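Numbered from 1 within each chain, the chains take letters A, B, ... in sequence-line order. Keep in mind that this is a model prediction, so the values were computed, not measured.
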Number of protein chains: 2
Amino acid sequence: MAKKSLSSGRREESLSQERIIEASIELLDSSGESGLTFRALAERLATGPGAIYWHIDNKTDLLTAACDAIIARTMQESRSGDTAKQSIRAVALGIFDAIDAHPWVGSALTHAPGQLPVVRILERIGQQVRAMGVPADKQWATVSALLNYILGVSGQNAANTHMARTRGLDRANFLGAIANDWSQLDPVEYPFTRSIAGQLPIHDDRLDFVAGIDLILDGL
Amino acid sequence: MAKKSLSSGRREESLSQERIIEASIELLDSSGESGLTFRALAERLATGPGAIYWHIDNKTDLLTAACDAIIARTMQESRSGDTAKQSIRAVALGIFDAIDAHPWVGSALTHAPGQLPVVRILERIGQQVRAMGVPADKQWATVSALLNYILGVSGQNAANTHMARTRGLDRANFLGAIANDWSQLDPVEYPFTRSIAGQLPIHDDRLDFVAGIDLILDGL
DNA sequence: ACCTGAACACCGTTCAAGT
DNA sequence: ACCTGAACACCGTTCAAGT
């Protein structure tokens, strides 16, 4: 008997960087960072682990490439904004939302300094900072403050959702558990943390994120 | 023949959390994040991998505990500062330097949201923000902006030194290599990144870091 | 109570051998 | 040129067995 075309949704194409990256993203989204293994990837692509190495150098590169695919999409979608400030806000929020949806992108960005995905963000922000008329000798400091803030908050946010998923909780319950820990800290040593514990589960991270961006933009 | 007391610097004490954490820090400092394994740790402590599990629950906890030891020390050392602003600058710089000396602390902080090491920093900044007279309803946003910025920059900085070490380069050479990549980007798509490439290897990260802190503080 | 060390169930990566 | 899949050198973690 000849093999029927029992394609399960997808045609039988040969392996390629794109197909590998696409499958990696699916795996990362569904099973998190630890879900991306060459064996799981090989099974999903109906091949052996060795085949993947023909198209990709190592796991680090694979993760950076998957991260770049998400960031590239995000940058294309967040082109809106009439003024430079609005454009910066739009990029920042785009990244925030992308990392919220794909937590693994947060740590991938942190572990690939100076690489393509980070450069895409850097460039976009840099062009807007220039458009705002920031003098040349202050552009670097401004852009790097913004970039670091964006990557920092998004990374922390991703860590939260990732930890929550790891423990099988939703975000609210996870933050609630931390708030509970905080409220039981020593009142003498940790007065501030205790006092804001209640705000942790209810406050809007996204709103505070934009507030921080504005804080930096206004400081110029 | 009876065993002589061939102690190599350290008395033969029984295993304990402190000794394990101390050995972990030494291992992390000398061989990086990938150098911390239960087998290497067991060898350094002259015991078996299983023994460590009697004192520590798992590797994640071990890393957080090692991170906390460094942060606790750092917080004690950076108590200086006459005004609240100066105090915040002092803590920020203390953390920056600590993470520069122990790059693994950067990613450990990122992966332990809401845990003790982060809370130590949060508390210190929170108390100073209060002392500055920031109104209660804006304290959270202010503190979280500062905290995220500090963790973000320090994390990126740690990633740089870590990547440099991984490739056997010093920091300057590593940044030089990235600058070289940047200067070869498409001039139409990446004008800004190209234009600042030259500044990457020579600019002072520490200085820009404080500049960013001031930017946020001034925005209040 | 605390330690030992073999064993389990994984990893990323390589490489001879196939087509 | 591209793929296969066994093999290598590791991991974190567990657990019966010892003291």
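- Protein atom CD1 of B:Ile52 is 16 Å distant from nucleotide atom C1' of D:dC15, rounded to whole Å.
- The distance from atom CD1 of B:Ile56 to atom P of C:dC2 is 13 Å, rounded to the nearest whole Å.
- In this structure, B:Leu36 reaches the sugar-phosphate backbone alone: every heavy-atom distance under 4.0 Å involves primed, P, OP1 or OP2 atoms, never a base.
- Atom CG in B:Leu41 sits roughly 13 Å away from atom P in C:dC3 (whole-Å rounding).
- Ring geometry for A:Phe38 versus A:Tyr53: interplanar angle under 30°, hence parallel rather than tilted (30 to 60°).
- In this structure, the CG atom of B:Leu15 is 5 Å from the P atom of C:dC3, given to the nearest Å.
- Nearest-nucleotide mapping onto DNA chain C: of A:Pro49 and B:Gly50, the residue sitting toward the 5' end is B:Gly50.
- Checking C:dA7 for Watson-Crick or G-U wobble geometry (two distances, each under 3.5 Å) identifies D:dT13 as its partner.
- Summarising the geometry, the separation between CD1 on B:Ile20 and P on C:dC2 is reported as 12 Å, rounded to the nearest angstrom.
- A close approach under 4.0 Å does not occur between any side-chain nitrogen or oxygen of A:His55 and OP1 or OP2 of D:dA1.
- OP1 or OP2 of D:dC2 sits under 4.0 Å from a side-chain N or O of A:Trp54.
- Using a 4.0 Å cut-off between a side-chain N of Lys or Arg and a carboxylate O of Asp or Glu, B:Arg165 and B:Asp170 do not qualify as a salt bridge.
- Counting to the nearest Å, the P atom of D:dT13 and the NZ atom of B:Lys59 are 8 Å from each other.
- Classified by interplanar angle (parallel below 30°, tilted 30° to 60°, perpendicular above 60°), the ring pair B:His111/A:His111 is parallel.
- In this structure, of D:dT13, C:dT4, D:dT4, it is D:dT4 that holds the atom nearest to the side chain of A:Ala51.
- Residues B:Asn157 and B:Asn160 bring no donor and acceptor atom of their side chains to less than 3.5 Å of each other.
- Across D:dT13, D:dC8, C:dC3, the shortest atom-to-atom separation from the side chain of A:Arg39 is found for D:dC8.
- A donor-acceptor contact closer than 3.5 angstrom is absent between the side chains of A:Gln115 and A:Thr64.
- Atoms OH (B:Tyr53) and P (D:dC11) sit 12 Å apart, rounded to a whole Å.
- Taking atom CG of residue A:Leu27 and atom C1' of nucleotide C:dC11, one finds them 14 Å apart after rounding to whole Å.
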